[in-house]
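In each ligand, atom 1 is the first atom listed, and ligand 1 is the first ligand listed. Since we're looking at a predicted model, the values are computed, not measured.
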Amino acid sequence: MGGMYSIHSPAVTLTIAGSEATGGAGAQADLRTFQELGTYGTAALTCIVAYDPTDDWNHRFTRIDPTVLAHQLEAIQANFSGQLDTVKLGMMGSVDTIDVVANALQSQQWKNVVLDPVLICKGQEPGAAQDTDEALKAKLLPLATVTTPNHFEAEQLSGMTISNLADLKDAARKIHDESGVAVLAKGGVRLDGPEAVDVFYDGENLEVLGVAKIGNHAVSGAGCSLAAAVTAELAKGRTPLQAAERAKDFVTAGIGQRISAATPYDVMWQGGLRKKA
Ligand code: PXL
């Protein structure tokens, strides 16, 4: 039973995300990030992605029955009632899933709802993905406090083409103005130039977060880990801008210590900020 040993309780964090079995992305990356940044991570799974090494590492996608997702959320919310106020939303995978998540968001008060708007994932029917994207924009974005679109997702959410930093700023402004949500829009390696540039905009501050690129290839896990790091930092009481800055450092260090793998992308390591032994 709870309550007696809570002097040094870490902040509780929740990810509602897919499993990516190799551990590079999804709930596995989120939980590693939550732990690394000193929070107590919990996870409710929306779907299971298993890459196919015999078919170009295509994504084999299995959704979790929405009732089973609802049960996971019920268990987590009841277990940490009064302590859990920060959640990250990752890959949803279906409209039914989004409905269950929207219900959970409305069933209690949240301080921080970080929406990583994972849109198209290979292995899904394009038609189904379209529905999912629309439901995500209509039902989850309005309930979020921070959203972390990558280049492609920022184009989809803003309806703009993003070719350079000025476009990325405009897109971040537009997404914020339409949703009221703080936006951390990620240029990453997709925009030309020597720096990996992200833009933060919350209606007051427009900040460009740039660091020298580490190579020109995308690294798997960076997007999930960035949003999870923002989530953990918010749970510990940082402001969204502080959380974004800290998350960028976390991911940059992790990309610097990437792990090579047989998949087309290397994978970042969430322990990158640790002091070397
Ligand atoms: O793109 C990020 C992502 C998120 N969640 C899951 C994934 C992936 C990419 O593979 O599999 C479960």
Side-chain angles (χ1 to χ4, degrees), residues 13-34 41-53 55-66 68-69 72-73 87-98 100-101 114-126 128-129 132-133 135-136 140 144 146-157 184-190 196 198 217-232 247 250-251 254-255 258-259 261-270:
T13 42
L14 164 63
T15 180
I16 307 176
S19 162
E20 190 279 275
T22 71
Q28 287 87 338
D30 292 345
L31 286 175
R32 239 182 271 118
T33 301
F34 288 166
T42 64
L45 294 183
T46 56
C47 61
I48 296 177
V49 172
Y51 300 152
D52 186 350
D55 181 22
D56 233 358
W57 302 94
N58 254 324
H59 294 200
R60 291 173 293 198
F61 167 85
T62 307
R63 80 173 190 165
I64 302 279
D65 183 324
V68 176
L69 172 61
Q72 295 173 76
L73 290 167
V87 56
K88 181 203 148 175
L89 313 180
M91 184 170 163
M92 294 291 131
S94 80
V95 176
D96 291 348
T97 302
I98 287 171
V100 169
V101 173
V114 178
L115 173 63
D116 191 17
V118 181
L119 294 183
I120 308 286
C121 180
K122 279 180 281 174
Q124 286 183 266
E125 296 292 317
T132 311
D133 297 353
L136 187 131
L140 296 184
V146 179
T147 189
T148 58
N150 63 21
H151 179 257
F152 171 74
E153 293 153 357
E155 286 189 331
Q156 297 300 306
L157 292 179
L184 178 58
K186 301 171 282 184
V189 293
R190 307 265 177 243
D198 303 330
H217 289 285
V219 170
S220 140
C224 296
S225 301
L226 185 84
V230 168
T231 307
F250 179 82
V251 169
I255 291 172
R258 70 184 75 183
I259 298 162
T263 44
Y265 301 107
D266 290 343
V267 59
M268 71 159 268
W269 160 235
Q270 285 77 15

Exercise for the section: To the nearest 0.5 angstrom, please state how far the CG atom of Asp96 sits from the OG1 atom of Thr46. Expected result: 12.5 Å
Exercise for the section: Using modelled atom types only, decide if a donor and an acceptor are shared between the side chain of Arg190 and the backbone of Gly187 within a distance under 3.5 Å. Expected result: no
Practice task
State, with a plain yes or no, whether a side-chain heavy atom of Asp116 is found less than 4.5 Å away from one of Lys88.
Solution key: yes
Problem - Ligand-residue contact atoms, ligand 1 with Val49, heavy atoms, under 4.0 Å - result: 11 (O), 12 (C)
Exercise for the section: Return the minimal non-hydrogen interatomic distance between Leu14 and Ala44, and the atom names on each side. Expected result: CD1-N, 4.0 Å
Handout entry: Whether Trp57 and Tyr51 hold their rings parallel, tilted or perpendicular, with breakpoints at 30° and 60°
Key = perpendicular
Completion exercise
In ligand 1, the atoms that come under 4.0 Å of a heavy atom of His59 are 9 (C), 10 (O)
Fill in the blank from the handout: Numbered in order shown, the ligand 1 atoms found under 4.0 Å of a heavy atom of Gly18 are 12 (C)
Problem - Proximal candidate to atom 2 (C) of ligand 1 [heavy atom criterion; set Ala222, Gly93, Cys224] - result: Cys224
Problem - Side chain proximity check, Thr97 to Cys47, heavy atoms < 4.5 angstrom - result: no
Problem - Within-shell test, Ala17 vs ligand 1, heavy atom, strictly < 4.0 Å - result: no
Problem - Distance-only N or O hit between ligand 1 and Glu20, under 3.5 Å - result: no
Practice task
Report the part of Phe61 in contact with ligand 1, treating N, CA, C, O as backbone and CB onward as side chain, heavy atoms under 4.0 Å; options are side chain, backbone, both, neither.
Solution key: neither
